[in-house]
Amino acid sequence: MSTLKYLIWKEFLQIRRNPFLPKFIVVFPVVIMCVMPWVMDMEVKNIVVDVVDNDRSPFSQQLVHRIEASRYFIFHGQKPDYQAALEDVERSEADLIVEIPAGFSRDRQNGHKAQILIAANAVNGTKGMMGGRYMSQIVSQHLDLPALDKAEDAVSVLYLYNKHLDYKLFMIPALMAILVMLICGALPTLNIVGEKEAGTIEAINVTPVSKVAFILAKLIPYWLIAVVVMTICFLLSWLIYGITSAGSLVLIYLLALLLALVISGFGLVISNYNDTMQQAMFVLWFFVMIFILMSGLFTPVRSMPEWAQMTTVINPIHYFIDGIRTVFVRGGDFQSITREVGALALIALVMDLWAVASYKKNQR
């Protein structure tokens with residue numbers, strides 16, 4: 001134990017003496033938490049609209065004013081014809097075209113079917129689809145369609161756990177996962193590979209220090225750093241956005257420590273098989289991208305193909321995301337995250353044993 005204590009102390013001294021790492025550990029979470037919840041908003045807003053009003057009636061102009069007043073759209077003005085509006089779309093100056101046909105008001109008054117063309121730029125499929133839907137709702141409300149009125153009278157929507165549909169509440173737990181993964185994965189990896197490149201690891205290799213003690217000394221500091229990072233995230237979430245966890249913070253710290261165990265162990269496995277920082281960073285970044293994109297962090301797992309859903313069984317980020325959102329957003333208890341805790345603990349055990357087994361004291 002005394003050997004392990006001194007090795008851990010050595011790691012903290014190395015971190016403290018590094019002019020970059022202490023600042024990175026504090027500044028990186030602050031920047032991510034202060035900036036990303038504002039920019040990683042998947043709600044479709046600020047859709048630029050061109051209107052072509054071929055009717056020029058008071059009724060059609062009322063529709064134009066409705067579009068202009070909508071908070072989802074940026075009114076780009078009225079164009080003389082569809083071709084002029086299409087040129088704006090081709091120049092990326094507009095996202096949506098609304099063309100009101102001639103005789104629109106007359107047809108409406110005579111009880112004939114009124115048709116309005118909504119043309120959406122679908123290069124960004126999500127933006128095009130949602131923009132078209134938003135505009136369809138505005139047109140339907142303006143036309144006062146009976147089907148819409150009946151639907152609104154018959155349907156009542158109750159939003160559970162996030163009644164204001166605040167996207168930040170959904171994204172903040174995801175950002176915590178990214179921070180723990182990057183800091184607790186990248187720093188241990190670069191630590192050992194850096195010692196290999198500098199040759200200082202040979203001084204450890206000739207000592208009677210066991211492989212288990214050496215690996216634990218590399219892991220434990222980053223588990224503690226994970227606690228610091230999560231604490232910074234909780235404070236910033238409360239101070240900046242007024243968002244606090246609906247469940248126990250103890251459970252979230254437990255999930256974070258288990259994820260740190262997994263990711264730091266995985267980082268050490270990578271460092272044991274690579275001799276340069278460039279190699280290690282490429283390998284780590286490859287797996288980090290796969291873990292993040294296929295974890296359900298940004299898109300629902302059930303929306304993925306069936307073969308992709310199967311990969312989440314071994315994806316630690318998937319279990320962490322499910323667990324932290326269950327506790328942070330829904331206020332779940334330990335019983336509701338037993339599956340996630342058990343899976344993370346098992347993956348952590350495998351990764352850390354692999355890190356010990358793959359470390360070779362004779363690195364020649």
Quiz item: Can you find a heavy atom in the side chain of Gln78 that is under 4.5 Å from one in the side chain of Arg56?
Solution: yes
Exercise. Tell me, with the steps shown, if Cys233 and Leu179 meet side chain to side chain contact (heavy atoms under 4.5 Å, CB included).
Key: CA-CA 9 Å; Cys233 291; Leu179 286 168; 3.4 Å; yes
Quiz item: Any side-chain heavy atom of Leu251 sitting closer than 4.5 Å to one from Ile337?
Solution: yes
Quiz item: Side-chain contact, heavy-atom cut-off 4.5 Å: Phe28 with Leu182?
Solution: yes
Quiz item: When you measure from the side chain of Ser271 to the backbone N and O of Leu268, does any donor-acceptor pair fall under 3.5 Å?
Solution: yes
Quiz item: Would you say Asp88's side chain and Arg91's backbone share a donor-acceptor pair under 3.5 angstrom?
Solution: no
Practice problem: Determine whether Ile317 and Leu259 make a side-chain contact, defined as any pair of heavy atoms from C-beta on separated by less than 4.5 Å. | Solution: yes
Quiz item: Hey, does Phe334 have a side-chain heavy atom less than 4.5 Å from the side chain of Leu254?
Solution: yes
Quiz item: Considering residues, nucleotides and ligands other than Glu90, do more than 12 of their heavy atoms fall under 6.0 Å from its CD?
Solution: yes
Exercise. For residues Phe266 and Phe291, establish whether the separation of their ring centroids is below 6.0 Å.
Key: yes
Quiz item: Only one of Asn54, Leu117, Asp50 forms a side chain to side chain contact (heavy atoms under 4.5 Å, CB included) with Tyr82, so which one is it?
Solution: Leu117
Quiz item: Does some side-chain heavy atom of Ile116 sit less than 4.5 Å from a side-chain heavy atom of Leu63?
Solution: yes
Exercise. Would you tell me whether Ser295 and Tyr319 have side-chain atoms, one donor and one acceptor, within less than 3.5 Å of each other?
Key: no
Practice problem: Could you tell me whether the side chains of Ser60 and Asp53 share a donor-acceptor contact shorter than 3.5 Å? | Solution: yes
Quiz prompt | Cation-aromatic face contact Arg325/Phe170, 6.0 Å, 45 degrees | solution = yes
Exercise. Would you mind reporting whether Met33 and Ile240 have side-chain heavy atoms less than 4.5 Å apart?
Key: no
Exercise. Could you go through the side chain to side chain contact (heavy atoms under 4.5 Å, CB included) check for Ile324 and Met230 one step at a time?
Key: CA-CA 12 Å; Ile324 193 173; Met230 293 297 290; 4.2 Å; yes
Quiz item: Do the ring planes of Phe59 and Phe104 sit parallel (below 30°), tilted (30 to 60°) or perpendicular (above 60°)?
Solution: parallel
